[in-house]
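Structure first, then comments.
Residue numbers start from 1 in every chain, and the chains themselves are labelled A, B, ... in the order their sequence lines are given, proteins ahead of strands.
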Protein chains: 2
Amino acid sequence: MSVSALRQEFILHFGEMGSRWGINRTVGQVYALLFLADEPLCADDIVAALGFSRSNVSMALKELQSWNLVRLRHQQDDRREFFTTPDDFWEIVRTLINERRKREIDPTLTKLRELSMAEPDPTDRAAHARIAELRQLIEQMTRFHDDLARFETERLVAILNMGARLGRLVDGAGKLIPIRRSKPQSKG
Amino acid sequence: MSVSALRQEFILHFGEMGSRWGINRTVGQVYALLFLADEPLCADDIVAALGFSRSNVSMALKELQSWNLVRLRHQQDDRREFFTTPDDFWEIVRTLINERRKREIDPTLTKLRELSMAEPDPTDRAAHARIAELRQLIEQMTRFHDDLARFETERLVAILNMGARLGRLVDGAGKLIPIRRSKPQSKG
DNA sequence: TGTTGTTTTCAGAAATTACTGAAACAACGG
DNA sequence: CCGTTGTTTCAGTAATTTCTGAAAACAACA
């Protein structure tokens, strides 16, 4: 299978960026190919298009599945497995954020909770406090993420588009400006 | 220099997570050590604490400087360079986001802009459209980030703490709900 | 200028990660 | 049960990244 110059360049870019994104070249290229593909592809299509070994493609697909970045499809009267990426870009964004959080943040949060349990040695007073502060910061951010993740896409996009106007909700000292008839609130 | 059990565990964790975060073990451990340190450390302190070679520590410090994650300090009557991490956690968060964006997103945005310039081959119509859509999505998100990045920390934290209440600003169809007496606004 | 204390560079060694081909495995139709 | 078609596993190899020690470069100063 031949790949147009446009696709080629996109695919190669994803391959190169892969290492920065925490995936390898093969995974990056396979994802890019599927992302642009006009119809679902099977493993051998991918081998034909990219020239990796069959087993490498198999590994890459497994990795992409573990990231929830591809969907598996079966076609009528065909035993082969076909793969696509979701059509909805916002779904892809959500998936990426969730998976990265799972891999890059959650294990550290667990560790920080564990560490801030134990009563510190007197010489570690400051370090212990700093660990607790980091834990609180991460908890605050993940709580925010949990809140946003519940919104439907429309609402998220609307908030995104508010951009700088969000600042008007809050005064410079971090106090909420009352919206409609709710009571003013001060921060923790 | 000996390191307490608490610090040790924190440092080892950062070393292990390093590869997921796009830095290597040495860089992760050096950062963790500095993060918990009660006072600025020089390169030899780090060698003594972690047991890496002097040159490896030098590389790691250079890498951390390229990430803007450490501050360089000089002490009275001492030629050596001492390093610290910023005290302000939110500053660290901003730095991390900025640097990751610079490394993981901006190059791709540049590439996508380049690719969506060229007039596509007829067979690439759909792929071209998908690239353009991806470009727009990333532009929308980076624009949002630019907006938020201008806020002072107080304001950001207040927005973070609003969490789920942000959803009330916007109705289910993505329309802004008028705040106070401003005119209703519709999106894009 | 030379001396001393420091940081940086760099070529190669060590460790890790990515990739391959061959074999094992699974599902299905005769 | 066998053969066909497709997927996965795995041991070994290739490629890449990390780390080191030695040497070079640098900066401050007598």
What are the atom names and distances for every N/O pair under 3.5 Å that joins the protein to nucleotides 8-12 of chain D?
from	atom 1	to	atom 2	distance (Å)
dT8(D)	OP2	S58(A)	OG	3.2
dT9(D)	OP2	K62(A)	NZ	3.0

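To the nearest angstrom, P of dT4(D) lies 18 Å from CZ of R80(A). Protein atom CZ of R20(A) is 15 Å distant from nucleotide atom C1' of dT17(D), rounded to whole Å. Atom CD1 in I23(B) sits about 16 Å away from atom P in dT17(D), given to the nearest Å. Computed from coordinates, the F52(B) CZ to dA15(C) P distance equals 13 Å when rounded to whole Å. Nucleotide dT8(C) holds its P atom 11 Å from the CD1 atom of I46(B), rounded to whole Å. One atom, CG of L50(A), and another, P of dA18(C), lie 17 Å apart when rounded to the nearest Å. Here dT5(D) presents its C1' atom at 16 Å from CD of Q75(A), a figure rounded to the nearest Å. Between the NE2 atom of H74(A) and the P atom of dC28(C) there is a distance of 9 Å, rounded to whole Å.
Closest to the N24(A) side chain, of the nucleotides dA18(C), dT7(C), dT20(C), is dA18(C).
Donor-acceptor pairing under 3.5 Å, judged by distance alone, is absent between the side chain of R79(B) and the base of dT6(C).
Cation-pi geometry between R103(B) and W21(A) is not met at under 6.0 angstrom from the ring centre and within 45 degrees of the axis.
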Apply salt bridge (Lys or Arg N to Asp or Glu O under 4.0 Å) to the pair R94(B) and E91(B), showing each step before the final yes or no.
CA-CA 5 Å; R94(B) 282 177 201 265; E91(B) 184 186 335; over 6 Å; no
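Ring geometry for F89(B) versus F35(B): interplanar angle over 60°, hence perpendicular rather than tilted (30 to 60°).
Residue T26(B) places at least one side-chain N or O closer than 4.0 Å to OP1 or OP2 of dC19(D). A sub-4.0 Å separation between OP1 or OP2 of dA18(C) and a side-chain N or O of N56(A) is absent.
Taking each heavy atom of R130(B) and L36(A) in turn, the nearest pair found is CB-CD2, 4.4 Å.
The residues R7(B) and D38(B) are annotated as salt-bridged, a charged nitrogen and a carboxylate oxygen being separated by less than 4.0 angstrom.
In this structure, the side chain of R168(B) does not engage the main chain of A164(B) through any donor-acceptor pair within 3.5 Å. Looking at S58(B), its side chain never comes within 3.5 Å of a backbone N or O of R54(B) through a donor-acceptor pair.
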